[in-house]
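Here is how names work: the chains are called A, B, and so on, in the same order as the sequence lines, proteins then strands, and each is numbered from 1.
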Amino acid sequence: MSRGPELIVTEKENAARRIAEILSGGAAETERRNGVNVYRWGGKRCIGLSGHVVGVDFPPEYSDWRDVEPAELVDAPIVTEPTQENIVAALRRLARNASRVIIATDYDREGELIGKEAYELVREVNDEAPVDRVRFSSITEREVKDAFDDPDEIDFDLAAAGEARQAIDLVWGAALTRFLSLSARQLGDDFISVGRVQGPTLKLLVDREREIQAFDPESYWELFGELSKKATGAGSGGEFEAQYFYVDVDGTEAERVWDGPTAETLADALRAADGAEVDDVNRRTRTDDPPAPFNTTQFIRAAGSLGYSAQRAMSLAEDLYTAGFVSYPRTDNTVYPDDLDPRELLEAFRGTRFGDDAESLLSQESIEPTEGDEETTDHPPIHPTGELPDASELSDDEWEIYELVVRRFFATCAPAATWEHLRVVALADGEASRIGAEADPRAALREHDGDVEGDVETTGTPSLVADGGLRLKANGKRLLEAGYHEVYPYVSSKETIVPDVEAGERLDLGERRLEAKETQPPRRYGQSRLIEKMEELGIGTKATRHHTIEKLYDRGYVESDPPRPTRLAEAVVEAAEKFAEPIVSEGMTAQLERDMAAIASGEKDYDEVTDESRELLETIFEELADSREEIGDHLQESLKADKTLGPCPECDSQLLVRKSRYGSYFVGCDGYPNCEYTLPLPSTGKPLLLDETCEEHDLHQVKMLAGRKTFVHGCPQCKADAADEADDEVIGDCPECGETEGGELAIKQLRNGSRLVGCTRYPDCDYSLPLPRRGEIEVTDERCGEHDLPHLRVHSGDEPWELGCPICNYREYRARREGSELEVIEGIGEKTAEKLREAGVEDVGSLKDAEPDELADEVDGVGPDTVRDWQAKAD
DNA sequence: GCAAGGTC
């Protein structure tokens with residue numbers, strides 16, 4: 001009997017390629033099976049999966065939402081089916097005659113489950129070959145070879161922990177999602193979802209919004225004075241700003257004065273001062289340690305401060321990873337593995353544009369990279385691979401992100417920075433003490449009347465004025481050693497200069513200011529702050545948190561950026577808090593983590609944990625049964641509130657944003673069909689109702705979200721009125737019907753806010769040319785010789801610009817677009833455009849000429865319908 | 001068509 005090949009299975013294609021390279025010493029060849037790369041050398045084959053290639057679901061008889069009571073899902077069977085047919089087929093073919101199978105998926109819980117899934121697929125076709133498991137934390141020669149020299153077994157308990165998570169997530173998510181959707185009669189694309197991760201994430205946002213809405217601002221005052229060293233013969237002294245402070249009842253310093261009259265008295269006192277004397281000088285040196293290596297969350301946060309959304313940052317990092325320039329971007333690890341030699345990696349940057357920084361780091365006697373708190377087994381922290389891109393290979397955004405990763409790695413190898421902090425306290429004297437003594441110290445306190453901060457009872461009296469005068473303080477900091485700031489410009493190293501002064505020194509007191517301020521509500525979570533918070537609470541994973549946020553947008557739960565929850569989101573959270581609390585609580589994940597740990601250690605098993613979870617969900621459904629209508633009504637009201645613009649001018653109902661049969665948006669009356677009042681909306685983008693309303697019509701302003709083409713439309717009634725009032729301005733003959741029918745071209749303002757040059761015989765003749773949305777259009781005396789039309793000039797911004805003859809302008813626009821980059825088409829990103837160019841499609845023009853089926857065959861992950869969709873958009 | 005988790 002001939003021995004078949006050994007089969008190695010990895011979690012992803014990239015890992016398969018690199019492992020094959022390492023184990024074969026570079027001799028592996030690539031062949032395609034079912035459109036999947038298989039690496040072969042000697043008696044070995046290596047195939048990469050694409051994460052989970054099978055998925056859990058309910059059997060088909062449960063798939064109709066209307067025929068199945070959501071509660072039935074609680075005890076429904078769960079089946080596992082292939083989701084990536086081609087990869088599953090390739091794996092089966094290879095497994096059939098394999099003599100041995102080695103599972104080399106990622107070294108984490110989900111990797112163990114993916115490995116077990118591969119094992120099951122292998123066993124379907126081959127019940128003899130031994131199946132081993134190898135584990136390594138990073139794909140380096142030493143780790144991989146060590147792992148393959150000493151193979152282990154699949155940890156079925158650990159995999160079962162992952163399976164329990166799958167089952168619980170499916171059952172809770174599907175049952176409650178269907179319940180909410182059915183109760184609100186939202187069954188189309190606009191179903192109402194909840195889940196173990198999206199639930200608590202949404203509640204974070206809703207809770208913050210509740211705090212903001214409940215916030216009651218308080219007034220307070222702060223005082224400032226401009227101090228300066230007295231000019232001496234040797235040179236002029238520096239000026240610096242100092243702030244008034246007093247000593248609170250508990251002995252701490254306080255700057256905010258919570259009472260207006262008291263603040264005024266103190267300001268009078270400060271104005272009466274004729275100078276200040278330095279009372280105390282305090283110098284301290286502080287070290288400022290370099291940052292820890294990047295995990296996914298901290299990477300997203302740093303990219304966020306450069307203006308990238310979480311989604312965009314991850315997509316760019318994935319591109320850089322696939323191209324081989326940075327390591328795997330999905331990781332929780334903040335400790336470099338032992339086999340990452342920082343010196344060696346720094347040397348790879350010699351002679352590049354990072355060369356000087358790399359050299360200066362290499363000149364250190366020893367390099368001890370920083371470490372974060374989290375050390376995991378799956379992947380190393382995100383770092384450059386040492387494979388160097390040519391700047392021209394990367395888009396501007398990719399380069400910026402690449403540089404961030406390189407510089408972060410540099411920073412982790414760099415020395416700490418040191419700062420000198422200088423704190424100066426001076427007393428504003430002269431008449432200040434006498435006048436200041438007139439201020440009521442108790443009134444300065446926030447809690448003085450006992451009701452502001454609840455039951456905080458304050459006793460004692462603060463000291464508003466010191467013996468020698470009004471206290472002023474200034475804090476300066478100077479960078480003594482730049483340390484890692486030299487190589488990592490993304491965190492501020494700004495200095496605040498306070499000049500050297502000595503105790504007892506007299507200072508001039510210049511301008512004095514009393515500033516009235518208000519306490520501010522808490523800020524909304526930004527995307528990266530939200531991801532940090534999710535990580536803190538343990539919800540979601542490094543690979544999914546940014547997707548969860550995208551999902552909240554897709555479901556209509558949040559809008560704009562930073563994400564703001566809609567009324568629908570509030571209603572979903574309210575309903576869940578009342579009837580299905582676990583689904584919006586981070587506690588559910590915490591419990592699940594405990595249960596999974598118990599399964600992994602063998603204390604519990606899959607059935608025990610999933611049965612227990614089903615029982616809890618069962619009781620929740622018992623409660624829900626009676627409240628179905630109540631919940632549904634509230635959800636529907638909230639959905640309507642999210643779409644409500646304001647009062648209808650023709651009846652007592654409200655105007656709503658509606659969607660036409662053709663998928664376009666318009667404004668219609670809630671009283672339809674009794675009231676048929678409508679207003680049009682622009683044809684591009686998805687409408688978002690802003691908080692601001694139109695003073696004249698009491699309607700919410702409308703913003704049209706359309707990616708880079710997003711714009712504020714304003715009040716749709718105002719736009720329609722403006723169009724009704726504007727007279728069409730005739731500029732020449734219609735080229736289509738001017739001679740035969742006498743049609744003329746005119747500049748027209750449409751009721752949906754757009755403008756065009758169109759035929760006066762519309763709709764009999766629909767000849768039209770586009771015009772820009774913004775700016776005033778001037779008809780000049782100059783005429784186009786070819787089309788006999790006047791040149792147009794557009795007044796927007798500071799400088800008017802020449803649009804010229806509208807026909808020539810449109811022709812040029814078309815030509816530019818035809819020859820322009822593929823990326824102008826919605827849905828084509830940089831990666832897809834690159835793939836298209838490889839297939840010989842260089843620009844929009846050649847995309848339009850392409851045969852959809854042929855092109856789809858040539859480009860991975862693109863179907864003929866997608867091509868047709870692009871072609872339609874190109875027109 | 002539901003979730004969350006992989007991967008792209």
Side-chain angles (χ1 to χ4, degrees), chain A residues 10-16 36 48-58 60 62-68 70 72-74 76 78 80 83-84 87 105-106 108-118 159 161-182 186-202 311 314-323 328-330 378-379 534 539-548 550-552 554-555 582-583 588-589 592 596 613 617 829-832 834-835 859-862:
Chain A
T10 70
E11 186 155 325
K12 42 191 166 275
E13 143 70 17
N14 228 308
V36 182
L49 307 176
S50 181
H52 293 286
V53 294
V54 297
V56 291
D57 206 348
F58 301 109
Y62 288 86
S63 60
D64 192 321
W65 292 31
R66 273 158 304 209
D67 285 355
V68 180
E72 289 180 59
L73 295 178
V74 178
I78 292 176
T80 303
T83 50
Q84 306 260 23
I87 299 177
T105 47
D106 291 354
D108 57 15
R109 185 178 58 225
E110 219 57 39
E112 207 66 24
L113 176 52
I114 290 165
K116 191 229 167 185
E117 288 160 359
E163 291 179 296
R165 177 199 62 70
Q166 287 185 322
I168 290 170
D169 282 339
L170 174 65
V171 171
W172 281 73
L176 289 172
T177 294
R178 286 197 196 177
F179 178 87
L180 291 179
S181 303
L182 284 162
Q186 289 288 116
L187 291 188
D189 296 334
D190 301 322
F191 61 88
I192 298 171
S193 69
V194 282
R196 173 179 57 84
V197 176
Q198 52 174 290
T201 307
L202 192 57
Q311 195 69 213
M314 283 312 287
S315 152
L316 290 164
E318 278 155 19
D319 290 348
L320 292 167
Y321 158 71
T322 315
Y328 192 66
R330 294 184 271 269
D378 51 355
H379 299 282
M534 291 170 75
I539 51 181
T541 73
K542 71 237 168 183
T544 57
R545 291 188 190 110
H546 60 285
H547 288 144
T548 301
E550 278 301 300
K551 195 171 272 183
L552 299 183
D554 288 349
R555 298 285 191 266
I583 209 66
M588 181 165 174
T589 296
L592 183 60
M596 286 195 289
S613 180
L617 185 56
E830 283 158 29
K831 263 164 108 174
T832 315
E834 189 49 43
K835 283 198 244 173
V859 184
D860 278 351
V862 171

- Sugar-phosphate only, base, or nothing, as touched by A:F179 at under 4.0 Å among non-hydrogen atoms: nothing
- Note on the structure: Assert: residue with more 5' nearest nucleotide on DNA chain B, out of A:V194 and A:E11, is A:V194
- Within the structure shown, what part of the strands sits under 4.0 Å from A:R178 by heavy-atom distance: base, sugar-phosphate, or nothing? base
- Message: Counting only side-chain heavy atoms from C-beta out, which of B:dC2, B:dA4, B:dC8 sits nearest to A:R196?
- Response: B:dA4
- Task: Could you tell me whether the phosphate oxygens of B:dG6, OP1 or OP2, come under 4.0 Å of any side-chain nitrogen or oxygen in A:R330?
- Result: no
- Return the value, rounded to whole Å, for the distance between atom CG of A:L202 and atom P of B:dA4. 11 Å
- Task: Examine B:dA3: is either OP1 or OP2 under 4.0 Å from a nitrogen or oxygen in the side chain of A:Q198? Give yes or no.
- Result: yes
- Task: Let me know the distance between NE2 of A:H547 and C1' of B:dG5, rounded to the nearest Å.
- Result: 11 Å
- Item | Distance test, side-chain N/O of A:Q84 to OP1/OP2 of B:dT7, below 4.0 Å | no
- Query: What residues form a side-chain contact (heavy atoms from CB on, under 4.5 Å) with A:E13, not counting sequence neighbours?
  - Reply: A:R17, A:N37, A:Y39
- Task: Report which part of the nucleic acid A:S50 touches: base, sugar-phosphate, or nothing (heavy-atom distance under 4.0 Å, all strands).
- Result: base
- Query: A:S613: what forms a side chain to side chain donor-acceptor pair (under 3.5 Å) with it, not counting sequence neighbours?
  - Reply: A:W172
- Message: Check the phosphate of B:dC2 against A:Y62, side-chain N and O only, distance under 4.0 Å to OP1 or OP2. Yes or no?
- Response: no
- Would you say a side-chain N or O of A:T541 is under 4.0 Å from OP1 or OP2 of B:dG6? yes
- Message: Under 4.0 Å from OP1 or OP2 of B:dG5: is there any side-chain N or O of A:R545 that close?
- Response: no
